[in-house]
S.K.: 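Below is a structure I'd like to ask you about.
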Amino acid sequence: MTDIRPTNEALEAYIKAGLGEDAASVELDLLALATCFDKKDAEHAAHAKVAKKVLKKHASEPVAEALALVSRRNYFPTAKTTNHAVVYKFKVLEDKFEGDFAALTELEGFDELGYFGRLGALHPQVARHLLDRADLDLFRAYFERGHRGDTLTEDHFIEANGRYRWEDVYSYSREELEVLASMGRFTTIELRFEGDAYLLPDDLSAWEDLESLSIVSARGAYINGPGVASLTQAQVDALGALPKLRELTLRLSMKELPGDLSPLAGLTMLDLSSNELSELPDSLDALQSLERLILSGNAFERFPEPVTRLVGLRELNMGKNWKCADIPDSIGEMKGLERLYVWAMGVESCSERLGELENLKELNASGFKETAGLFAALGKLKGLESLYLANFEGLKRLPDAIGELTNLKKLTIDGMDDLEEWFDGLGNLTELVELRLERIAWGSGMASLPEGIGKLKDLEVLSFDRTGLKGQFPKDVVKCKKLRELDLGTCRIGSPPKNIGDLTELEVLDLGGMRITAYPESLFTLKKLKKLDMSGGSVPNLPDAVRGLESLEHLSVTWSKVTALPDAIVELENLRHLGVGVGAPRQSAPVDLGRHAESDL
């Protein structure tokens with residue numbers, strides 16, 4: 001696209017001719033010109049004046065509002081909306097200016113910032129738009145005079161209306177990375193680049209204050225492609241020479257690492273996830289300052305022994321190493337571990353010495369082909385506060401050792417298709433705050449809940465999502481007075497009990513897929529309830545008593561047998577999402593539902 005900045009004449013042409021097919025993009029340039037100029041620079045001021053004239057005649061409403069907010073003046077009291085499509089980034093500007101931009105405009109010296117300084121204060125998507133021009137001078141000028149703060153992260157220039165999508169993260173060219181490497185003010189940098197080559201320059205000495213660095217190749221990690229096969233020793237040395245670097249992420253689809261990692265001895269966090277590593281060099285044990293090591297998503301077939309020599313490690317993530325067949329005896333040497341993630345691993349042999357990790361507070365294990373060693377170790381891990389067990393094929397009974405972990409605050413049992421028996425002692429876990437029993441195929445031996453749920457007086461979250469729970473509504477649940485979230489979605493159980501209203505702290509209630517013959521009156525006395533989901537079930541029409549759910553924000557009865565909504569629905573002042581009428585005839589609905597912008601009617 002042609003740069004519209006060079007002359008006033010080029011800008012004035014838009015006044016008569018309009019903005020053309022590229023109107024949405026041109027508006028972004030014009031907004032930057034009209035608001036991001038140096039008052040002491042006559043040329044910039046002249047451009048701004050003409051840009052404002054163009055916008056006054058042709059701007060869409062969102063751009064006009066954005067200009068008014070940026071400049072603190074309402075240039076266009078009766079701004080008209082042009083016909084071209086503007087469903088683009090400025091919806092985000094319109095939504096967010098009042099929140100985060102207003103604070104920026106109050107910063108001391110904002111009015112004195114130069115052209116790129118004010119550009120940097122604009123929403124990141126305006127900067128992203130200009131940087132996408134691949135103008136290296138513009139890139140340098142932006143980072144020298146416009147980019148605010150000492151951090152540069154993925155979301156500074158992310159596109160997609162403010163929502164994270166991998167493909168919309170800004171990718172830096174080799175030339176742009178050379179520019180960044182010459183700037184010394186950064187403390188945190190997250191970089192992504194295209195291709196299968198390591199693009200950082202050899203000289204990183206300007207980054208003397210850098211504390212955290214993330215380097216990701218778009219052809220590695222999440223997108224198919226060769227990635228970067230390996231780093232050179234010189235590249236590792238250059239990273240290790242950064243005096244303040246403490247956190248390093250390398251997601252490059254690497255198949256191997258250089259032999260000497262000792263230059264990285266100052267690191268406290270190393271993320272090597274989403275590579276293709278099958279082994280680690282012995283020099284890893286030189287990184288004795290490491291507290292967090294992330295190795296998930298690699299190709300290890302054996303548990304890497306050098307890891308077990310990192311005695312100061314507090315967190316280890318080995319998840320999604322499907323081929324890793326063992327957890328060795330040497331795991332018992334890692335006495336400092338507090339968090340261990342061994343999820344999605346095909347472990348065939350787990351050492352009972354896992355139980356020697358006396359400081360372990362969180363354990364996440366799934367996919368094991370053999371569980372005897374793991375379960376033998378569990379009962380010794382008395383300090384555990386969070387336990388996640390999932391997808392153990394063929395497992396018939398959960399170990400009673402779980403009931404001995406009296407410090408547990410969070411317990412998740414997930415994806416156990418063959419389970420027939422619970423563990424004994426659930427009622428002993430009186431510290432539990434969150435209990436999730438999800439994706440369990442309820443067999444003949446699993447027709448009811450484990451005994452003891454009613455003793456969990458501190459429980460705040462209880463979920464049976466996607467289970468085959470049958471029979472009557474579990475009445476013991478109502479004894480858990482602190483419940484904030486209750487998920488019974490897809491359970492084949494009866495109507496809620498009459499005293500469901502005793503759960504006065506409840507904020508989220510999922511009854512999706514259930515068969516309800518009559519609503520208990522107390523259901524509509526839950527003053528703190530924000531979300532009620534009864535989609536996909538057999539439920540009667542809601543009564544006018546629904547007005548009692550005064551905090552309700554989300555209500556869904558889609559794919560149910562509801563045929564009419566009560567008039568009282570319009571009295572729910574906090575309701576923001578209303579899903580009704582899909583999957584069954586809709587006979588009637590209140591007229592005044594226009595304010596529910598997300599209604600599925």
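Only a predicted model underlies this, so the values are computations on that prediction, with no experimental measurement involved.
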S.K.: Would you mind reporting whether Asp487 and Leu462 have side-chain heavy atoms less than 4.5 Å apart?
M.R.: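 The answer is no; the side chains never approach within 4.5 Å.
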
S.K.: Is there a donor in the side chain of Glu211 and an acceptor in the side chain of Thr187, or the other way round, less than 3.5 Å apart?
M.R.: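 Glu211 vs Thr187: no donor-acceptor pair found between side chains.
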
S.K.: Tell me if the CD atom of Glu279 is crowded by more than 12 foreign heavy atoms within 6.0 Å.
M.R.: no

S.K.: Can you check side chain to side chain contact (heavy atoms under 4.5 Å, CB included) on Thr249 and Leu213, steps first, answer last?
M.R.: CA-CA 6 Å; Thr249 297; Leu213 175 62; over 6 Å; no

S.K.: Who are the ring-ring contact (aromatic ring centres under 6.0 Å, His included) partners of Phe368, not counting sequence neighbours?
M.R.: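 Applying ring-ring contact (aromatic ring centres under 6.0 Å, His included) to Phe368 gives Phe392.
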
S.K.: Flag the pair Asp417 and Arg439 as a salt bridge only when some basic side-chain nitrogen lies within less than 4.0 angstrom of an acidic carboxylate oxygen.
M.R.: no

S.K.: At their closest point, which heavy atom of Leu381 faces which heavy atom of Leu405, and how far apart are they?
M.R.: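 Residues Leu381 and Leu405, closest heavy atoms: O-CD2, 3.3 Å.
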
S.K.: Please indicate whether Lys382 has more than 12 foreign heavy atoms, meaning atoms of other residues, nucleotides or ligands, lying under 6.0 Å from its NZ.
M.R.: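 Yes.
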
S.K.: Can you tell me how far the CG atom of Leu277 sits from the CZ atom of Phe300, to the nearest 0.5 Å?
M.R.: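 Going from the CG atom of Leu277 to the CZ atom of Phe300 covers 5.0 Å.
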
S.K.: How about Leu295 and Leu280: do any of their side-chain heavy atoms sit closer than 4.5 Å?
M.R.: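 Side chain of Leu295 against side chain of Leu280, heavy atoms only: contact under 4.5 Å found.
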
S.K.: Decide yes or no on side chain to side chain contact (heavy atoms under 4.5 Å, CB included) for Met334 and Leu316, but give the supporting numbers first.
M.R.: CA-CA 10 Å; Met334 304 182 72; Leu316 173 61; 4.2 Å; yes

S.K.: Output all residues satisfying side chain to side chain donor-acceptor pair (under 3.5 Å) with Glu352, sequence neighbours left out; order by chain, then residue number.
M.R.: none

S.K.: More than 12 non-hydrogen atoms from neighbouring residues, nucleotides or ligands closer than 6.0 Å to NZ on Lys361, yes or no?
M.R.: yes

S.K.: Which residues pass the side chain to side chain donor-acceptor pair (under 3.5 Å) test with Arg246, sequence neighbours left out?
M.R.: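 Listed in chain order: nothing, the list is empty.
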
S.K.: Between Pro201 and Ala181, which heavy-atom pair has the shortest distance, and what is it?
M.R.: CG-CB, 3.5 Å

S.K.: Quick one: do Gln288 and Leu310 satisfy side chain to side chain contact (heavy atoms under 4.5 Å, CB included)? Show the steps, please.
M.R.: CA-CA 6 Å; Gln288 290 299 319; Leu310 298 172; 3.9 Å; yes

S.K.: Mind checking the CZ-CG spacing from Arg192 to Leu177? Nearest 0.5 Å is all I need.
M.R.: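 Spacing of CZ (Arg192) from CG (Leu177) equals 12.0 Å.
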
S.K.: What's the spacing between Leu293 CG and Leu284 CG if we round to 0.5 Å?
M.R.: 6.5 Å

S.K.: How far apart are the C-alpha atoms of Asp326 and Arg302, what are their side-chain angles, what is the distance that settles it, and do they pass the salt bridge (charged side-chain N to carboxylate O under 4.0 Å, His left out) test?
M.R.: CA-CA 6 Å; Asp326 74 318; Arg302 308 291 297 179; 3.4 Å; yes

S.K.: Give me the atom names and distance for the closest heavy-atom approach of Leu245 to Leu267.
M.R.: O-CD2, 3.9 Å

S.K.: Can you tell me how far the CG atom of Asp414 sits from the CG atom of Leu389, to the nearest 0.5 Å?
M.R.: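 Rounded to the nearest 0.5 Å, the CG-CG separation comes to 10.0 Å.
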
S.K.: List the atom of Gly259, the atom of Ser283, and the distance in Å for their closest heavy-atom pair.
M.R.: O-OG, 2.6 Å

S.K.: Could you tell me whether the side chain of Val236 reaches within less than 4.5 Å of the side chain of Asp260, counting heavy atoms only?
M.R.: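 Sidechains of Val236 and Asp260: no contact.
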
S.K.: I want to check something: taking the side chain as every heavy atom from C-beta on, are Leu357 and Lys380 in contact at a cut-off of under 4.5 Å?
M.R.: no

S.K.: How about CG on Asp202, more than 12 heavy atoms from neighbouring residues, nucleotides or ligands closer than 6.0 Å, or not?
M.R.: no

S.K.: Supply the atom-to-atom distance Ser278 OG to Asn321 CG, rounded to the nearest 0.5 angstrom.
M.R.: 10.5 Å

S.K.: Given salt bridge (charged side-chain N to carboxylate O under 4.0 Å, His left out), test Arg251 with Asp271 step by step and report yes or no.
M.R.: CA-CA 8 Å; Arg251 297 178 185 168; Asp271 183 348; 2.9 Å; yes

S.K.: Output yes when a side-chain donor or acceptor of Ser173 lies under 3.5 Å from a complementary backbone atom of Glu176, and no otherwise.
M.R.: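 Here the side-chain-to-backbone pair exists.
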
S.K.: Could you walk me through whether Lys410 and Leu432 pass the side chain to side chain contact (heavy atoms under 4.5 Å, CB included) test, one step at a time?
M.R.: CA-CA 6 Å; Lys410 180 178 180 180; Leu432 272 184; 5.5 Å; no

S.K.: Heavy-atom distance under 4.5 Å between the side chains of Leu252 and Phe193, does that happen here?
M.R.: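 Yes, close enough: below the 4.5 Å cut-off.
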
S.K.: Side chain to side chain donor-acceptor pair (under 3.5 Å) with Lys244: which residues, sequence neighbours excluded?
M.R.: Asp209

S.K.: Output every pair passing salt bridge (Lys or Arg N to Asp or Glu O under 4.0 Å) with a member in residues 333-346, not counting sequence neighbours, ordered by first then second residue.
M.R.: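 Residue pairs with at least one partner in residues 333-346: Arg314-Glu338, Glu315-Arg339, Glu333-Arg353, Lys335-Glu356.
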
S.K.: Could you pull out the closest heavy-atom pair between Leu290 and Leu270, with the gap in Å?
M.R.: CD2-N, 3.7 Å

S.K.: Please evaluate residues Glu362 and Tyr388 with respect to the criterion side chain to side chain donor-acceptor pair (under 3.5 Å), reporting the C-alpha separation (whole Å), side-chain torsions for both, the decisive distance (0.1 Å), and the verdict.
M.R.: CA-CA 8 Å; Glu362 183 173 355; Tyr388 176 94; over 6 Å; no

S.K.: Could I get the full list of side chain to side chain donor-acceptor pair (under 3.5 Å) partners for Asn407, not counting sequence neighbours?
M.R.: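 Per chain and number, Asn407 pairs via side chain to side chain donor-acceptor pair (under 3.5 Å) with no residue.
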
S.K.: Measuring only between side-chain heavy atoms, which start at C-beta, is Val461 closer than 4.5 Å to Arg484?
M.R.: yes

S.K.: To the closest 0.5 Å, what do you measure between CH2 (Trp207) and CG (Leu242)?
M.R.: 7.5 Å

S.K.: May I ask you to decide if Ser463's main-chain N or O and Asp465's side chain share a donor-acceptor pair within less than 3.5 Å?
M.R.: no

S.K.: Run through Leu437, Asn391, Leu395 and flag the one making a side chain to side chain contact (heavy atoms under 4.5 Å, CB included) with Met416.
M.R.: Leu395

S.K.: Can you name the closest pair of heavy atoms from Leu261 and Pro258 and give their distance?
M.R.: CD2-O, 3.9 Å

S.K.: Side-chain contact test, heavy atoms from C-beta onward, threshold under 4.5 Å: evaluate it for Met318 versus Phe303 and give yes or no.
M.R.: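 The answer is yes, as the side chains (C-beta and beyond) meet within the 4.5 Å cut-off.
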
S.K.: Examine distances only and state if a side-chain atom of Asn317 and a backbone atom of Ile294 form a donor-acceptor pair shorter than 3.5 Å.
M.R.: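 Answer holds: no.
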
S.K.: Are side-chain N/O atoms of Glu305 and Ser330 paired as donor and acceptor at under 3.5 Å?
M.R.: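 Yes, side-chain donor-acceptor contact under 3.5 Å.
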
S.K.: State, yes or no, whether a side-chain contact exists between Trp343 and Ser296 at a heavy-atom distance under 4.5 Å.
M.R.: yes

